[in-house]
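In what follows, a structure is listed as structure tokens, so that the remarks can point back to it.
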Amino acid sequence: MRKAMFAAVLLLLLSALGQPVAAQSDDDEVAQVTIVHGIPGQTVDVYADDTPLIAGLVPSTTTRTFDLDEGDYALALFSAGADTNADEALVEADVEIEGGTNVTVVAHLDEDDEFTVSTFENDLDDVPAGDACLIARHTAAAPDVDILLDDEVAVEGLASGDSSDAAVLDPGTVAVNIAAAGDDAALLDSDVDLTLAEGVCTVAYAIGSLEDDNLGVLLQLVTGLDSAPEDDLDLGLSGILESDGGIPIGFMLLVAAGLIGGAFATRSLVTRS
Amino acid sequence: MQKRLPPVYLTRQAASGLLFLSLTTLIFGIFGILKTNQANEAPDVIDGSIAGFLAVAGPEAAGAEVLGTTQRPANASASTINPPAEATPEATTTEAETNQPDQPDQAGQPGQIGEAGEQVAPAPLLGAADMLSARPEDFQFTGGPQPVALHIANVDISASVVEMGLTEDRSLETPPASEIGWYKHGPTPGMEGSSVLAAHVDWGGQPGAFFELRNVVPGDRIEIDYDDGTTSAFEIVASRQYAKDIVPKTQLFDRSGAPRLVLVTCGGAFDNSMGHYEDNFVAFAKPVANI
């Protein structure tokens with residue numbers, strides 16, 4: 001059973017290799033998955049169900065989103081180049097992938113500085129036309145944090161492993177920083193300037209370790225959520241098109257001339273007789 | 001006080017001649033009216049449904065997958081996790097490029113493939129390089145050249161292109177009468193997805209920039225000039241006319257799938273009481289080699 005499922009995964013991943021794909025199977029049986037590697041200092045090989053998936057994934061990387069068949073996967077991260085038979089995995093986790101969902105699987109440090117894997121579902125509404133969207137996720141070795149946008153608290157008390165709700169904002173640049181919950185002092189040396197694009201949901205992951213002083217922010221952009229403009233597309237106000245396309249004056253005049261001339265001629269012929 | 005009209009004294013020959021001439025004029029006038037009316041009926045669907053158009057534009061457009069692609073650490077200037085300097089992953093190409101041999105040069109050039117890292121035995125399905133995602137600047141919505149002029153020689157359309165956004169109530173801004181608006185929240189023409197260009201059919205009693213758009217036929221060539229000095233070519237593949245309340249806006253403004261143009265203006269009957277046209281006229285185009 002696992003082998004068959006795995007064969008399906010292989011097929012999907014191979015087809016994701018630069019091949020444009022319409023859905024390989026029903027949307028319900030496939031999920032859209034993005035992997036975030038937020039564990040500092042460890043280049044890793046990623047295995048799913050003992051089959052190598054990605055070799056040499058460097059820290060601070062967000063992968064492309066790919067299709068994955070639904071199912072339960074035993075995910076394991078090894079040090080790059082490690083012998084999976086001899087060496088211990090850095091972190092192992094059973095990840096449940098549900099068809100029709102869009103999820104991000106994040107390898108990160110938890111509050112106690114241990115390696116862990118968290119899965120977040122990106123269940124996102126369409127972004128209204130003209131707006132942008134931002135989500136903050138705490139995937140760092142740090143206690144609860146507040147997220148600051150342009151020096152103001154936007155999200156309060158986010159715990160490690162948790163996600164904020166989606167916030168709808170104006171598109172444009174916003175300066176992001178992190179503070180310990182309830183504290184004023186920003187934890188990042190400098191603000192991270194995010195460009196929030198219209199119609200896109202930007203997901204910001206806090207990663208790293210407070211203790212090791214290497215906190216940072218990784219981004220995932222979720223597209224396909226944009227909305228078309230509202231109301232009618234009004235691009236014409238004078239009605240020329242219709243009069244130009246309506247009964248043309250020239251021909252009308254001809255008809256009139258013909259009628260008048262005909263009347264004269266007929267009258268003349270009639271009165272003469 | 002007017003006298004009664006005197007009878008017209010024409011010779012019999014003159015009267016007959018005049019009658020003949022008048023009848024000819026009358027027939028000619030009626031014929032002309034009928035012909036003009038026929039020409040101004042709503043254009044037929046030239047090339048099938050929109051799905052047909054999308055199939056022409058590129059197979060991936062029909063079932064375009066959600067991009068959801070992402071990028072590596074934000075802003076190297078900010079404090080980030082210590083990225084091993086030598087292995088900063090760079091972008092790979094986006095899927096949309098692979099099936100478009102005639103694609104004009106895209107502004108967002110894909111970055112180099114990063115190092116794949118060591119192989120493990122057995123060989124992994126995908127090296128890290130293949131799984132890496134694009135940088136923000138590779139996305140059409142974060143940069144790239146902007147269109148500044150559009151020409152359709154066959155119907156004498158030639159106008160400046162300006163940025164066009166949304167009004168406060170989220171409806172489409174309209175461009176000045178003699179200019180073409182490019183929807184700035186969508187892709188630049190030639191980049192992945194539908195690039196929307198809209199202009200007036202008329203305004204202030206004068207023809208607008210897209211007055212002649214309704215006369216395009218499949219095969220008509222469009223040239224777009226960009227602010228970086230380059231030019232791209234496109235070709236009309238289809239046109240449709242829709243009542244405004246059923247125009248498929250979501251499809252027209254879809255930012256995913258094959259690069260394509262959607263040219264929009266108004267058309268159909270003019271509703272005098274409302275002061276606007278009842279329909280939208282839409283022409284679709286695909287990129288072609290710029291030769």
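Below, each value reflects all heavy atoms present in this structure, side chains not excepted, and no hydrogens, waters or symmetry copies. Letters A, B, ... mirror the listed sequences (proteins, then strands); counts begin at 1.
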(message) Please rank Phe253(B), Phe28(B), Tyr183(B) by heavy-atom pairs under 4.5 Å with chain A and give me the top one.
(response) Phe253(B)

(request) Could you tell me which residues satisfy side-chain hydrogen bond (donor to acceptor under 3.5 Å, both in side chains) with Asn280(B), sequence neighbours excluded, listed by chain and number? (result) none

(message) If you compare all heavy atoms of Gly262(A) against all heavy atoms of Ser22(B), which two are closest, and at what distance to 0.1 Å?
(response) N-OG, 2.9 Å

(request) Provide the closest heavy-atom pair for Ala15(B) versus Ala265(A) in the form atom of the first, atom of the second, distance. (result) O-CB, 3.3 Å

(message) Leu172(B) and side-chain contact (heavy atoms from CB on, under 4.5 Å): which single residue from Asp232(A), Asp234(A), Leu233(A) fits?
(response) Leu233(A)

(message) If we check side-chain contact (heavy atoms from CB on, under 4.5 Å) with Leu254(A), which of these qualifies: Ile30(B), Thr25(B), Thr24(B), Leu26(B)?
(response) Thr25(B)

(request) Output yes when a side-chain donor or acceptor of Arg170(B) lies under 3.5 Å from a complementary backbone atom of Ala129(A), and no otherwise. (result) yes

Could you give the distance from [atom1] ([X]) to [atom2] ([Y]), rounded to the nearest 0.5 Å?
| X | Y | atom1 | atom2 | result |
| --- | --- | --- | --- | --- |
| Leu235(A) | Ile180(B) | CG | CD1 | 11.5 Å |
| Leu166(B) | Asp131(A) | CG | CG | 9.5 Å |
| Ser227(A) | His185(B) | OG | NE2 | 11.5 Å |

(request) Using non-hydrogen atoms and a 4.5 Å limit, figure out which bit of Ala14(B) sits close to chain A: side chain, backbone, both or neither. (result) neither

(message) Please classify the contact between Pro175(B) and chain A as side chain, backbone, both or neither, with a heavy-atom cut-off of under 4.5 Å.
(response) side chain

(message) For chain B, which candidate among Gly199(A), Gly261(A), Pro171(A), Cys201(A) shows the most heavy-atom pairs at distances under 4.5 Å?
(response) Gly261(A)

(request) Could you check which of Pro128(A), Ala204(A), Gly130(A) has the highest count of heavy-atom pairs closer than 4.5 Å to chain B? (result) Pro128(A)

